[in-house]
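Step one of this worksheet: look at the structure below.
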Amino acid sequence: GSEMCIRDSGSLHDHSATVTSLSFFAPPHLSFPLNLISADAEGSLCIYEAAPFVLLKTLKPHRKAINDVSLHPSGKLALTVGKDECLAMINLVRGKRSFYCRVAKEASLVSYDFSGEKFYMTMEEKVMVHEAEDAKLLCEFENSKRVLCIEPGEVSFRAFGFSVPG
């Protein structure tokens with residue numbers, strides 16, 4: 001059978017606050033990641049080269065905590081959503097925030113689809129599908145419970161919400 005090897009490549013000591021989200025970029029033609037993007041509770045984002053593990057850039061795209069980060073399939077862009085009720089687009093090639101806007105309320109999750117042409121954003125029980133090029137809203141879906149996980153599919157997406165008795 002196949003075996004998976006996990007080794008310590010480095011540490012995330014470059015953050016001064018709790019790390020809230022991690023995302024690896026691995027091009028389709030490689031079996032290992034080239035970059036790691038990490039986000040924290042103070043609104044900072046760190047861009048690392050994965051091997052060797054080296055910090056390339058730190059920036060602060062949000063005024064408050066970053067809730068989630070999603071990498072474009074090209075590895076050149078990232079979307080972030082935060083507690084400041086904003087959506088940010090990061091140009092990873094230049095290491096700069098290229099777009100920033102307020103959203104209706106705090107989004108907890110953001111995810112590009114496989115093509116990178118659309119992205120999904122969740123706010124509580126609502127999932128919104130947007131065009132990636134101009135962030136135009138394409139459609140919205142309501143779930144009966146808060147959406148805790150969203151995963152893109154080839155032609156659709158899956159959203160999961162759970163209720164804990166209490």
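Treat the numbers as computed from the prediction; the structure is a model and nothing was measured.
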Next on the checklist: Show, in sequence, the C-alpha distance, side-chain angles and deciding distance for Phe53 and Leu36, and conclude whether the side chain to side chain contact (heavy atoms under 4.5 Å, CB included) test is met.
Outcome noted: CA-CA 9 Å; Phe53 194 72; Leu36 169 66; 3.8 Å; yes
Next on the checklist: I want to check something: taking the side chain as every heavy atom from C-beta on, are Leu55 and Cys46 in contact at a cut-off of under 4.5 Å?
Outcome noted: yes
Next on the checklist: Within this structure, what is the CG-NZ distance for the pair Asp134 and Lys136, rounded to the nearest 0.5 Å?
Outcome noted: 7.0 Å
Checklist entry - Can you name the closest pair of heavy atoms from Ile66 and Pro61 and give their distance? => result CD1-CG, 4.0 Å
Checklist entry - In Å and rounded to the nearest 0.5 Å, what is the NZ to CG distance from Lys96 to Asn91? => result 9.5 Å
Checklist entry - Are any of the side-chain heavy atoms of Ile90 and Tyr100 separated by less than 4.5 Å? => result no
Checklist entry - Does a donor on one side chain and an acceptor on the other come within less than 3.5 Å for His62 and Thr80? => result yes
Checklist entry - Side chain of Arg146, backbone of Glu125: donor and acceptor closer than 3.5 Å? => result no
Checklist entry - Can Leu56 be reached from Phe24 by stepping across I, L, V, M, F, W or Y side chains whose heavy atoms are under 4.5 Å apart? => result no
Checklist entry - Hey, does the side chain of Thr122 reach the backbone of Leu109 with a donor-acceptor pair shorter than 3.5 angstrom? => result yes
Item to check | Criterion side chain to side chain donor-acceptor pair (under 3.5 Å) against Tyr48, the qualifying member of Thr58, Asn35, Asp14 | outcome: Asp14
Checklist outcome for this item: The reported gap from NZ in Lys83 to NZ in Lys64 (rounded to nearest 0.5 angstrom) is 9.5 Å
Checklist entry - What about Val19 and Phe25, same hydrophobic cluster or not, with Ile/Leu/Val/Met/Phe/Trp/Tyr joined at side-chain heavy-atom distances under 4.5 Å? => result no
Checklist outcome for this item: When rounded to the nearest 0.5 Å, the distance separating CE of Met121 from CE of Met128 is 4.5 Å
Item to check | Shortest non-hydrogen contact from Ser16 toward Glu42 | outcome: OG-OE1, 2.8 Å
Item to check | From Glu124 atom CD to Asn143 atom CG, the distance as rounded to the nearest 0.5 Å | outcome: 11.5 Å
Checklist entry - Hey, are the side chains of Leu34 and Phe32 touching, using non-hydrogen atoms and a 4.5 Å cut-off? => result yes
Checklist entry - Can you find a heavy atom in the side chain of Phe141 that is under 4.5 Å from one in the side chain of Val147? => result no
Checklist outcome for this item: Residues Val103 and Cys86: closest non-hydrogen pair is CG2-N, 4.1 Å
Next on the checklist: If you apply the rule side chain to side chain contact (heavy atoms under 4.5 Å, CB included), what do you find for Met123 with Ser108, and how did you get there?
Outcome noted: CA-CA 6 Å; Met123 295 175 184; Ser108 56; over 6 Å; no
Checklist entry - Between Met89 and Arg97, is any pair of side-chain heavy atoms under 4.5 Å apart? => result no
Item to check | Under the side-chain contact (heavy atoms from CB on, under 4.5 Å) test, residues paired with Glu133 that sit two or more places apart | outcome: none
Checklist entry - Which pair of heavy atoms, one from Gly95 and one from Lys57, lies closest together, and at what distance? => result O-CE, 3.2 Å
Checklist entry - Any side-chain heavy atom of Val127 sitting closer than 4.5 Å to one from Ile150? => result yes
Next on the checklist: I want to check something: taking the side chain as every heavy atom from C-beta on, are Phe99 and Leu87 in contact at a cut-off of under 4.5 Å?
Outcome noted: yes
Checklist entry - Checking Arg102 side chain against Asp84 main chain: does a donor-acceptor pair fall under 3.5 Å? => result yes
Next on the checklist: Quick check on Lys60: does its NZ atom have over 12 non-hydrogen neighbours (other residues, nucleotides or ligands) under 6.0 Å away?
Outcome noted: yes
Next on the checklist: Looking at every non-hydrogen atom in both residues, tell me the closest pair between Leu138 and His130 and how far apart they are.
Outcome noted: CD1-C, 4.1 Å
Item to check | Side chain proximity check, Ile37 to Leu92, heavy atoms < 4.5 angstrom | outcome: yes
Would you tabulate the side-chain donor-acceptor contacts of residues 67-75 under 3.5 Å, counting partners in other chains and residues two or more places apart, or write 'none'?
from  : atom 1 : to     : atom 2 : distance (Å)
Asn67 : ND2    : Glu106 : OE2    : 2.9
Asn67 : ND2    : Ala107 : O      : 2.9
Asp68 : OD1    : Ser21  : OG     : 3.3
Asp68 : OD2    : Val110 : N      : 2.9
Ser70 : OG     : Tyr112 : N      : 2.9
His72 : ND1    : Ser74  : N      : 3.0
His72 : ND1    : Ser74  : OG     : 2.9
His72 : NE2    : Gly116 : O      : 3.3
Ser74 : OG     : Lys76  : N      : 3.1

